[in-house]
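Every heavy atom of this structure was used, including side-chain atoms; hydrogens, water molecules and symmetry mates were not. Chain letters run A, B, ... following the sequence lines, proteins first and then strands; every chain starts at 1.
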Protein chains: 2
Amino acid sequence: MEIRGVAMGVQGEARYRQVAADLREAITTGRYGSGGRLPAEGDLALRYGVSRGTVRQALAVLRADGMVTSRRGTRRVVLGAARTQSFAELLSFTRWARSIGEEPGGRTVTVEPAPGDPGECAQLGLEPGSSVYRVLRLRTLSRVPVMIERTVYPERIGALVRGFPIDAVSHTEPLEELGVLFTDADHTIDQWPADAEDARLLGCPPGTSLLRERRRTTDPTGVPVEWSQDRYLPGTVAFTVHNSVATTALSRRRG
Amino acid sequence: MEIRGVAMGVQGEARYRQVAADLREAITTGRYGSGGRLPAEGDLALRYGVSRGTVRQALAVLRADGMVTSRRGTRRVVLGAARTQSFAELLSFTRWARSIGEEPGGRTVTVEPAPGDPGECAQLGLEPGSSVYRVLRLRTLSRVPVMIERTVYPERIGALVRGFPIDAVSHTEPLEELGVLFTDADHTIDQWPADAEDARLLGCPPGTSLLRERRRTTDPTGVPVEWSQDRYLPGTVAFTVHNSVATTALSRRRG
DNA sequence: GTGCCGGAGTTGGCTGTACAACTTGGTCCA
DNA sequence: TGGACCAAGTTGTACAGCCAACTCCGGCAC
């Protein structure tokens, strides 16, 4: 802290994010205790040398992460350390694996250009029959297969992916370096039986129920950049979500 | 609209929520088109007769719902209609079922007071061995069994639930009427094989892989009010989440 | 003891202002 | 033709202030 008045640029990071990060750290290390009370917004403003509005912006971040509650009339209550990950860790199997201290692996099984089927084109916002690339990959943790990843890319992006080495661990990271932006994603989580291909690659009996995550990712202009279907072996992964009356990004659908 | 200057109370609803609701409706009915651009914040402020700050508050709601993107330097882009539900619809099977036009049903199988096991007490923030109530219910859609709900309540709340009729459709709603507040929830989604009890009640073979949602719900003071484990028959439900670089409530964990 | 009431403390909501950072499209020049 | 550059438009960040709504606790009356 103590960067007061430097008008950004020092860290390139907004003041409210610095405050949020500092508070997050304080909460994670238990400085306020679980179930404890946070100082009043005004006190925090004084302490950090910012306005109350900036403190409120910082607290809104922690609120969305489920680290604190808030209610009119009384001080904020600490709920506990956040269990949420960054957007990047959620998007990229590779980053996620690294963040939990595992060794991620990836082997590209097939990359095929093809006319997209109606469903794929709809998900990618393309005209029916447009060219797409279908990529099938086997993902491993510490060399053990855990997931099958079937991703469909629009032609523009698939052409880039095609050039990646077959044993490239990450596709997301090189794409980002090439200027492809991922900013929003919709996830659907359910279960699905393993087909013959899944069974062969994952080493499980056909028909085994797999945890399935389907994901559509868009760039900041709303243009879809990938449509992916990931199938995890049972017991290898779980998804967690926090929501509250203040913010809800989760919903339940008919299967 | 046109409530300008009435200092709340008229609808009891905050101005920014009214603006958000109006914009949501406009987007849902396609007034701006998918991929279209929203008017500038300043224009919206003029149109609704509020300050730009209030408009930004409204837009933050839509941002979190995944309906619009936002980026410095250019107007907001419409992503599409939201698929998210209210917090209440997510918490309550009954409300969810009604919101999708199905007929919810519930039958209480057992309600037993018992000393909580260490895991249960930890989840509920109680001393090990504290008294809890375990409630087992079978939930149906249009009279077809779809889910087994095992909920653990702290004694104070369990005592209330105990008094509910055995065929009560909802437990959440009467609890709310009795003043129990639900404000924050952590969800974990994975799969789990049906045990003998699941199999008998759901009418599936033992060992069938079920979609499992575990949920811990707290009140505004951070005190846990329920710890629930719901097991859904395959194909009856899917969970969807939206997240973005701006807000992430989702994470992936080792299973 | 019990319950009502009021006041201090705190967060929610809203306004207004100012500037920074960024996108976009067009102009101008080489 | 192509590229650099500029200007207008737009969102992000931050500040300051005001009042409403609500919680909580302690004092007071009964």
Side-chain angles (χ1 to χ4, degrees), chain A residues 3-21 23 36-63 68-78 179 181 183 219-223 244-247, chain B residues 3-21 36-46 48-63 68-78 179 181 183 219-223 244-247:
Chain A
I3 316 193
R4 167 72 174 167
V6 191
M8 299 215 356
V10 172
Q11 256 290 338
E13 197 167 15
R15 201 73 183 84
Y16 79 89
R17 286 187 187 280
Q18 298 175 21
V19 173
L23 287 171
R37 295 258 155 127
L38 236 50
E41 294 172 358
D43 293 346
L44 290 171
L46 264 174
R47 177 187 309 179
Y48 288 111
V50 300
S51 72
R52 194 183 145 214
T54 301
V55 168
R56 284 178 63 78
Q57 236 176 319
L59 289 170
V61 176
L62 304 188
R63 181 83 188 84
V68 300
T69 64
S70 76
R71 207 170 33 137
R72 187 181 303 199
T74 187
R75 297 235 290 273
R76 285 179 158 81
V77 173
V78 176
L181 296 174
T183 59
D219 71 12
T221 65
V223 176
S244 71
V245 286
T247 63
Chain B
I3 315 195
R4 167 71 173 164
V6 191
M8 300 217 348
V10 173
Q11 257 288 337
E13 198 166 15
R15 200 75 183 82
Y16 80 90
R17 287 188 187 280
Q18 298 175 20
V19 173
R37 297 258 155 128
L38 235 49
E41 294 173 358
D43 294 345
L44 290 171
L46 265 174
Y48 288 111
V50 299
S51 72
R52 192 183 148 218
T54 300
V55 168
R56 284 180 63 78
Q57 243 178 312
L59 290 170
V61 175
L62 304 188
R63 182 81 187 83
V68 300
T69 64
S70 74
R71 205 169 34 136
R72 186 181 299 200
T74 186
R75 296 233 291 272
R76 285 180 158 79
V77 173
V78 176
L181 297 175
T183 59
D219 70 12
T221 65
V223 176
S244 71
V245 287
T247 63

Identify the pairs formed between an N or O of the protein and an N or O of nucleotides 2-7 of chain C at a distance under 3.5 Å, and give each distance.
none

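In this structure, A:Asp43 contributes its side chain and A:Leu46 its backbone to no donor-acceptor pair below 3.5 Å. The closest donor-acceptor contact from the side chain of B:Arg52 to the backbone of B:Gly42 lies at 3.5 Å or more, if one exists at all. Remark: the backbone N or O of B:Arg56 is not paired with any side-chain donor or acceptor of B:Glu41 at under 3.5 angstrom. The closest donor-acceptor contact from the side chain of A:Thr183 to the backbone of B:Val245 lies at 3.5 Å or more, if one exists at all. A:Arg76 places no side-chain N or O within donor-acceptor distance of the main-chain N or O of A:Pro39, the cut-off being under 3.5 Å.
One atom, CG of B:Leu59, and another, P of C:dC14, lie 14 Å apart when rounded to the nearest Å. What separates CZ of A:Arg72 from C1' of D:dA21 is a distance of 4 Å, to the nearest Å. Remark: C1' of C:dT10 and CG of A:Leu46 are 15 Å apart, rounded to the nearest angstrom. Here D:dC15 presents its C1' atom at 15 Å from CD of A:Glu41, a figure rounded to the nearest Å. Rounded to whole Å, the distance from OH on B:Tyr48 to P on C:dG13 is 18 Å. In this entry the distance linking CD of B:Gln57 with C1' of C:dT11 reads 12 Å, nearest Å. Per the geometry, CZ belonging to B:Arg56 stands 14 Å off P belonging to C:dT15, to the nearest Å. Regarding B:Leu38, its CG atom lies at a distance of 19 Å from the P atom of D:dG9, rounded to whole Å.
Heavy atoms of A:Arg52 sit under 4.0 angstrom from at least one base atom. Nucleic acid contact class of A:Arg71 (heavy atoms, under 4.0 Å, all strands): sugar-phosphate only.
Checking the phosphate oxygens (OP1, OP2) of C:dT23, no side-chain nitrogen or oxygen of B:Thr74 falls inside 4.0 Å. OP1 or OP2 of C:dT10 has at least one side-chain nitrogen or oxygen of A:Arg75 nearer than 4.0 Å. For the OP1/OP2 pair of D:dG12 and a distance below 4.0 Å, the side-chain nitrogens and oxygens of B:Arg76 include at least one atom meeting the criterion.
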Trace of the side chain to side chain contact (heavy atoms under 4.5 Å, CB included) decision for A:Thr247 with B:Thr247: CA-CA 10 Å; A:Thr247 63; B:Thr247 63; over 6 Å; no
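Each of A:Gly73 and A:Arg17 was assigned the nucleotide of DNA chain D with the nearest heavy atom; the assignment lying further toward the 5' end belongs to A:Arg17. Comparing B:Gly42 and A:Arg37 along DNA chain D, the residue whose closest nucleotide (by nearest heavy atom) sits nearer the 5' end is B:Gly42. Comparing A:Thr221 and B:Tyr16 by the nucleotide of DNA chain C whose heavy atom lies nearest to each, the residue mapping closer to the 5' end is B:Tyr16.
Here D:dC15 is the nucleotide among C:dC14, D:dT11, D:dC15 with the atom lying nearest to any side-chain atom of A:Val50.
Inspection of the A:Arg71 and B:Thr221 side chains reveals no N or O donor paired with an N or O acceptor under 3.5 Å.
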